[in-house]
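Below you'll find the structure, written out as structure tokens, and then a few comments.
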Amino acid sequence: MHLPMRSTIESVKQLVQNTADELDYKYHIESVVRHALHLADILHADKEVVELAAYLHDIGRQREKGDEHHHMLGERYAREILGEHHVSLEIINHVCSCIRRHRAFKEDLPQTLEEKIIANADAMSHFEMIPLFFYWGASRATYEEAQAWVKKKLERDWEEKLTLKEARELTLLQKEAAEKILG
Ligand SMILES: [Fe+2]
Ligand SMILES: [Fe+2]
């Protein structure tokens, strides 16, 4: 039986909120969803695909510790979760490719508008969560190492993930502020 899409999205949101670390959910997931829906609105993308993918894009690293393959793991978990909600195969496939490509690696770049929106919204959120990056990176060996890691991450976000003109414009102030703060 197909559930109405709104109740599926609410249920997926609840599941992610219960799975993610509280700070991750509050300062990253919620802001990715907000940016992704805003971009979907101005670019006339499929909002259901975008909202589901925004909530689920980091489920791989939330269910299993470790960042390295979380886009692939996330795709697998999302397929399972959406299947349990009886979402149509067409939507499942598109949400899953958004998740698999959200890190915008050269070998598997975002192709569809919705895939690009998720990669862009993820990067937009990173520019707003610099304190959380430092908090997470507190166990790194030195302050300088944590600083270099955050700086490099944001540089890659700006160069390789923020490919949409609209997303770059919306992030320009934060990017300039980050450069002033991080040097
Ligand atoms: Fe991620
Ligand atoms: Fe993310």
Side-chain angles (χ1 to χ4, degrees), residues 9 12-40 45 47 49-82 92-140 146 149-164 166-168 170-171 174-175 178:
I9 293 172
V12 165
K13 172 183 171 178
Q14 206 54 58
L15 181 147
V16 172
Q17 196 166 5
N18 295 338
T19 309
D21 162 70
E22 200 186 326
L23 296 173
D24 184 17
Y25 186 80
K26 183 174 173 192
Y27 293 109
H28 182 53
I29 301 302
E30 281 191 333
S31 89
V32 174
V33 172
R34 182 166 36 84
H35 288 305
L37 283 176
H38 182 205
L39 291 173
K47 284 194 180 163
V49 166
V50 161
E51 190 168 1
L52 284 170
Y55 276 118
L56 286 168
H57 81 282
D58 276 338
I59 192 76
R61 68 163 175 74
Q62 289 155 348
R63 282 205 168 166
E64 293 185 32
K65 292 293 160 222
D67 245 21
E68 207 185 336
H69 303 295
H70 78 271
H71 51 302
M72 313 285 270
L73 269 178
E75 178 182 21
R76 276 221 312 271
Y77 283 127
R79 190 169 293 280
E80 203 178 284
I81 293 163
L82 297 173
I92 293 181
N93 285 340
H94 201 175
V95 171
C96 283
S97 65
C98 290
I99 296 170
R100 194 182 72 245
R101 293 177 168 153
H102 84 269
R103 302 173 79 189
F105 287 138
K106 280 190 181 65
E107 61 276 13
D108 193 19
L109 287 171
Q111 305 289 333
T112 68
L113 177 59
E114 288 75 14
E115 290 168 8
K116 289 176 188 167
I117 284 176
I118 296 302
N120 276 260
D122 192 34
M124 289 169 83
S125 163
H126 292 162
F127 280 89
E128 294 171 347
M129 54 187 278
I130 295 173
L132 186 58
F133 279 142
F134 275 96
Y135 180 70
W136 278 345
S139 59
R140 271 168 229 277
W149 180 79
V150 174
K151 220 181 132 184
K152 202 170 153 214
K153 186 168 180 70
L154 294 180
E155 279 167 5
R156 187 178 112 74
D157 279 326
W158 184 259
E159 295 304 327
E160 294 174 36
K161 291 183 63 164
L162 275 157
T163 55
L164 296 169
E166 293 78 0
R168 288 175 85 83
L170 287 162
T171 314
Q174 286 86 331
K175 184 225 179 208

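If you read the sequence from its start, that first residue is 1, and numbering goes on from there. Worth saying up front: this structure is predicted, and the values here are computed from it rather than measured. The figures that follow rest on heavy atoms only: side chains count, while hydrogens, waters and symmetry mates do not. Just so you know, ligand 1 is whichever comes first in the structure, and atom 1 is the first atom listed for that ligand.
Within His28, the N, O or S atom lying nearest to the Fe ion (ligand 2) carries the name NE2.
Between Arg103 and Asp108 there is no salt bridge, since none of the side-chain N atoms of the basic residue sits less than 4.0 Å from a carboxylate O of the acidic one. A salt bridge does not link Lys47 to Glu51: none of the charged nitrogens lies less than 4.0 Å from a carboxylate oxygen. Electrostatic pairing of Arg100 and Glu115 does not count as a salt bridge here, judged by no charged N lying under 4.0 Å from a carboxylate O.
The tally of protein N/O/S atoms under 2.8 Å from the Fe ion (ligand 1) stands at 3.
Considering only heavy atoms from C-beta on, Thr171 comes within 4.5 Å of Trp158 through its side chain. His71 places none of its side-chain heavy atoms less than 4.5 Å from the side chain of Asp58.
Ring geometry for His102 against His57 counts as perpendicular: the plane angle is over 60°, on a 0 to 90° scale with 30° as the lower cut.
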